[in-house]
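Contents: one structure, followed by commentary.
In this chain, residues are counted from 1 in sequence order.
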Amino acid sequence: MLNIPEAPAIEGTTHLHSGKVRDLYRIDEGAYAGNLLMVASDRISAYDFVLSSTIPDKGEILTRMSLWWFDQLQEIAPNHLVSTDVPEAVKGRAVIVQNLEMFPVECVARGYLTGSGLSDYNATGEVCGIALPAGLVDGSRLEEPLFTPATKAEVGDHDENVSYEAVVATVGEKAAAALKHQTLLVYKRAEAMARERGIILADTKFEFGKLKDGTLVLADEVLTPDSSRFWPAAEWKPGQTQPSFDKQIVRNWLTSPASGWDKSSGEQPPALPAEIIEKTRAKYIEAYELLTGETF
């Protein structure tokens with residue numbers, strides 16, 4: 001169903017895994033042997049499908065954005081980055097990272113109500129077992145950011161929102177408390193930084209691993225339009241779907257009559273038109289440039 005292309009061979013490495021966007025390799029020789037090579041592709045996914053179309057430069061934009069955030073956050077969150085000295089074939093869109101023991105939890109922070117959190121709230125008045133005030137709507141700002149964890153699903157399946165108690169049952173009380181604390185700490189810092197730049201960080205998900213000595217380490221990618229909802233602050237208006245700096249353009253086109261695709265059919269979505277590809281690329285670049293102040 002996912003239709004992930006076969007990852008290219010890279011000399012001196014062993015391919016371990018491919019997700020919707022990233023390819024992961026073990027480095028077998030040289031100065032970085034034993035570490036991992038994480039490559040961001042230009043693939044784009046929507047509705048649990050990897051599309052046949054790619055977004056030019058997306059992998060490089062995601063990599064640059066993660067590197068910028070790792071740099072901004074290193075005082076409060078140690079990260080898994082080892083080096084950007086990567087093979088020529090993947091230069092600009094890959095990093096060498098530590099081989100951590102990963103926690104099997106998607107650490108989600110929400111400062112605003114939308115997406116699956118909104119669906120849960122509309123059904124139960126709660127998100128991940130946390131009761132919320134009545135009367136909230138799509139885009140409502142929450143009184144305090146919430147830690148709303150999810151299970152890590154197999155590639156192609158949905159992550160499922162779970163309670164904090166479920167995280168405790170999975171990783172233990174001490175680790176669960178550390179994951180919650182660090183998730184909210186990093187979210188609050190990033191949310192404030194994004195707001196200064198005219199962007200609302202509505203929600204985001206982090207992944208953490210640990211070193212052999214138990215140190216908690218921020219891993220995977222961080223605070224990109226693939227793992228976060230970024231909204232233009234000037235256009236924020238609760239009670240409606242917010243404009244966003246992500247692949248919402250792709251989702252909107254796929255579910256429009258123009259695509260001819262039925263979301264419930266189980267069939268692979270069609271290729272994206274050139275116009276949609278270019279608009280999506282422009283949104284990723286705009287988010288990168290607004291946040292970092294750098295020109296792509």
Which residues share a side-chain hydrogen bond (donor to acceptor under 3.5 Å, both in side chains) with [X], sequence neighbours left out:
X: Thr204; answer: Ser228
X: Gln182; answer: none
X: Thr114; answer: Asp138
X: Asn79; answer: none

Once side chain to side chain contact (heavy atoms under 4.5 Å, CB included) is applied, do any residues pair with [X], and if so which ones, sequence neighbours excluded?
X: Thr215; value: Leu211, Asp213, Val217
X: Asp28; value: Thr14, Arg26
X: Pro5; value: Arg43
X: Asp220; value: Arg22, Met38, Glu207

Under the ring-ring contact (aromatic ring centres under 6.0 Å, His included) rule, what pairs show up with a residue in [range], not counting sequence neighbours?
range: residues 262-296; value: none
range: residues 183-215; value: none
range: residues 83-117; value: Tyr112-Trp231, Tyr112-Trp236

With a 3.5 Å cut-off and sequence neighbours excluded, list the donor-acceptor pairs that the side chains of residues 84-97 form with protein atoms.
| unit_1 | atom_1 | unit_2 | atom_2 | d |
| --- | --- | --- | --- | --- |
| Lys91 | NZ | Val86 | O | 3.4 |
| Arg93 | NH1 | Ala40 | O | 3.3 |

**Message:** Checking side-chain polar atoms at under 3.5 Å, does Ser227 have a donor or acceptor matched by the opposite partner on Glu221?
**Reply:** yes
**For Glu191, the option from Arg189, Arg195, Lys188 that meets salt bridge (Lys or Arg N to Asp or Glu O under 4.0 Å)** = Arg195
